[in-house]
Amino acid sequence: MSATIAIVYSPILYNDFLNNWDDQWMVTGNPYLNELNWSGIYSIFVEHYQGQYSPINTIAYLVTKELAGMKPFGFHLLSLIIHILNFLLVGVFIEKLLPLIKGVVLEKQACYWVAWGTSFLFALHPMQVEAVAWISASKVLLYSFFYLAGLLAYLYYLETEKERYYLATLVLFLCSLLSKEQAIVFFLSLLAIDLATRTTVKNKKLWLEKMPFVVSAIVFGCFTIWVQKIYSSGPLGMDALYPLYQRVVFANYSFWEYIIKLLTPHSLSHIYFFPMDGGESLPLRLWFYPVATAVFIWLLIEYRRYINRVHVFGGLFFFINIALVLHVIPISRRWVIADRYIYLSSIGFFLIGTYTLIPRLLNDSRSKAKKSIIIVAVSVYLIILCGYTHQRTKVWENMQTLNQDVKQTLEKHLSESSYLENRLIKE
């Protein structure tokens with residue numbers, strides 16, 4: 001499966017730097033990539049740069065530059081390697097998690113297929129291309145690597161209660177934080193694991209164990225806001241142009257857009273404009289999304305007897321890791337959604353899907369012909385995903401292909417909103 005991922009993403013190895021799309025300051029013009037020495041590493045850890053503080057990611061760039069030179073190939077190869085490692089971590093993590101979940105009994109074969117089916121979808125979905133193909137998005141890959149490794153270490157701690165696994169979880173969490181600030185929600189993912197695997201969470205020791213993670217998250221979160229505020233607008237960024245009620249609507253809109261694009265990826269782009277400028281009224285169509293959320297919540301309550309702890313963990317993991325970018329908290333972002341933001345949270349979504357399908361398929365007594373039809377349908381779906389992902393990697397070849405892609409995407413939607421046309425002119 002790793003070979004399939006490498007083949008599907010192989011075009012990125014020949015892609016260029018995107019020097020009008022952050023690579024010019026993140027990589028090629030980054031003053032911290034001049035020389036690999038202790039003094040430089042110290043500066044990377046104690047200083048922030050362009051409103052960013054991701055020292056481990058910067059060190060990864062520095063080492064790559066020393067080994068392969070300031071050429072895009074080395075940086076793209078690094079991204080592909082980390083993505084494949086993340087694929088392996090997802091598979092191992094889910095395969096180890098499933099037998100620990102209370103009230104759920106799966107045969108070993110089913111655990112294997114659910115785990116690696118989830119991981120395969122995670123690795124090969126077209127929405128993951130942005131994080132893998134865009135060098136400046138390597139922070140997403142790197143923080144996810146340490147995040148997933150930390151979750152796996154926590155499972156070993158739950159199994160053995162050995163202190164070294166707890167310390168490993170904490171260290172890996174800190175490494176994830178030092179790669180990208182989105183890792184601050186890590187402790188919530190630990191709690192989601194607790195809800196799935198423990199008989200009860202009414203345990204003082206359980207909550208005390210989380211305190212170092214909570215304190216680290218709070219400190220780092222405040223530090224990130226301070227850094228962004230110094231550099232630009234910080235917490236009073238793009239989202240702050242919109243009142244709270246509009247941001248709540250955006251949160252519902254973003255949530256459902258991510259779900260829809262995960263199910264049926266279409267019209268993917270590296271730019272998804274806000275539906276209107278700050279100070280303007282919400283388009284009527286956006287009010288549909290809060291209604292859809294309300295109906296969805298009602299359905300969950302109405303049919304809760306069909307929901308078990310696998311569904312709960314998958315749903316919580318998806319929401320926890322997407323919540324920070326749903327606009328309720330105003331943080332400086334130019335786009336209403338972004339493919340790279342779904343990178344880690346998609347694991348929860350795909351886990352629910354594979355857990356719903358695979359055990360039923362393995363245990364179903366229906367005829368071989370019907371099973372074959374389902375298998376063929378799933379195979380065709382996967383082939384289409386792989387083909388679209390392979391095609392999307394070429395969109396990130398250079399600035400010309402990237403601009404052409406967004407132009408084509410916007411042209412399909414210009415008739416729906418004069419706002420898009422105005423933004424296109426401005427950009």
Atom of [X], atom of [Y] and distance for their closest heavy-atom approach:
X: Val8; Y: His390; value: O-ND1, 2.9 Å
X: Lys261; Y: Ile337; value: CE-CD1, 4.0 Å
X: Leu158; Y: Arg198; value: CD2-NH2, 2.8 Å
X: Ser269; Y: Glu130; value: O-OE1, 4.2 Å
X: Leu172; Y: Ala153; value: CD1-CB, 4.2 Å
X: Glu95; Y: Tyr112; value: OE2-CD1, 3.7 Å

Indicate whether the side chain of [X] and that of [Y] have a donor and an acceptor atom separated by less than 3.5 Å.
X: Ser179; Y: Asn57; answer: no
X: Thr58; Y: Asn30; answer: no
X: Ser189; Y: Tyr147; answer: yes
X: Trp256; Y: Thr293; answer: yes
X: Glu47; Y: Tyr32; answer: yes
X: Ser138; Y: Tyr61; answer: yes
X: Asn86; Y: His83; answer: no

To the nearest 0.5 Å, what is the distance between [atom1] ([X]) and [atom2] ([Y])?
X: Leu141; Y: Ser79; atom1: CG; atom2: OG; value: 5.5 Å
X: Ser345; Y: Phe317; atom1: OG; atom2: CZ; value: 8.0 Å
X: Tyr157; Y: Thr160; atom1: OH; atom2: OG1; value: 8.5 Å
X: Tyr388; Y: Gln391; atom1: OH; atom2: CD; value: 6.5 Å
X: Glu161; Y: Lys205; atom1: CD; atom2: NZ; value: 5.0 Å
X: Phe173; Y: Thr169; atom1: CZ; atom2: OG1; value: 11.0 Å

Please check if the side chain of [X] supplies one atom and the backbone of [Y] the other of a donor-acceptor pair under 3.5 Å.
X: Thr197; Y: Leu100; value: no
X: Tyr53; Y: Phe45; value: yes
X: Gln246; Y: Leu244; value: no
X: Ser119; Y: Ala115; value: no
X: Lys65; Y: Leu33; value: yes
X: Asp339; Y: Val129; value: no
X: Tyr9; Y: Ala123; value: yes
X: Ser254; Y: Val336; value: yes
X: Lys394; Y: Asn15; value: no
X: His76; Y: Phe73; value: no

Atom [atom1] of [X]: over 12 foreign heavy atoms under 6.0 Å:
X: Tyr165; atom1: OH; value: yes
X: Tyr14; atom1: OH; value: no
X: Tyr381; atom1: OH; value: yes
X: Glu302; atom1: CD; value: yes
X: Trp207; atom1: CH2; value: no
X: Tyr306; atom1: OH; value: no

Taking it one step at a time, do Leu262 and Phe318 satisfy side-chain contact (heavy atoms from CB on, under 4.5 Å)? CA-CA 12 Å; Leu262 282 172; Phe318 176 82; 3.8 Å; yes
Do the side chains of [Y] and [X] get nearer than 4.5 Å, heavy atoms only?
X: Leu385; Y: Leu121; value: yes
X: Met26; Y: Trp134; value: no
X: Val249; Y: Tyr242; value: no
X: Lys180; Y: Val140; value: yes
X: Ser136; Y: Leu18; value: no
X: Phe186; Y: Ser176; value: no
X: Met127; Y: Leu268; value: yes
X: Leu188; Y: Leu191; value: yes

May I ask you to check whether [Y] and [X] place their ring centres under 6.0 Å from each other?
X: Trp21; Y: His270; result: yes
X: Phe274; Y: His327; result: yes
X: Phe17; Y: Phe75; result: yes

Please step through side-chain contact (heavy atoms from CB on, under 4.5 Å) for the pair Asp16 and Met399, ending with a clear verdict. CA-CA 8 Å; Asp16 202 352; Met399 285 307 305; over 6 Å; no
Does Phe220 form a side-chain contact (heavy atoms from CB on, under 4.5 Å) with Leu178? I'd like the steps, not just the answer. CA-CA 9 Å; Phe220 199 86; Leu178 294 172; 4.1 Å; yes
Candidate list Trp116, Phe350, Phe122, test ring-ring contact (aromatic ring centres under 6.0 Å, His included), partner Phe87, passing option: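 By the ring-ring contact (aromatic ring centres under 6.0 Å, His included) criterion, Phe87 pairs with just one of Trp116, Phe350, Phe122: Trp116.
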So, applying ring-ring contact (aromatic ring centres under 6.0 Å, His included) with Trp335, which one of Tyr272, Phe273, Phe250 is it?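 Checked Tyr272, Phe273, Phe250 against Trp335; only one passes ring-ring contact (aromatic ring centres under 6.0 Å, His included): Phe273.
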Check the pair Thr354, Ile94 against side-chain contact (heavy atoms from CB on, under 4.5 Å), reporting the backbone distance first and the verdict last. CA-CA 11 Å; Thr354 54; Ile94 299 296; over 6 Å; no
Any carboxylate oxygen within less than 4.0 angstrom of a Lys/Arg side-chain nitrogen, looking at Asp405 and Arg392?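 Looking at Asp405 and Arg392, the cut-off is met.
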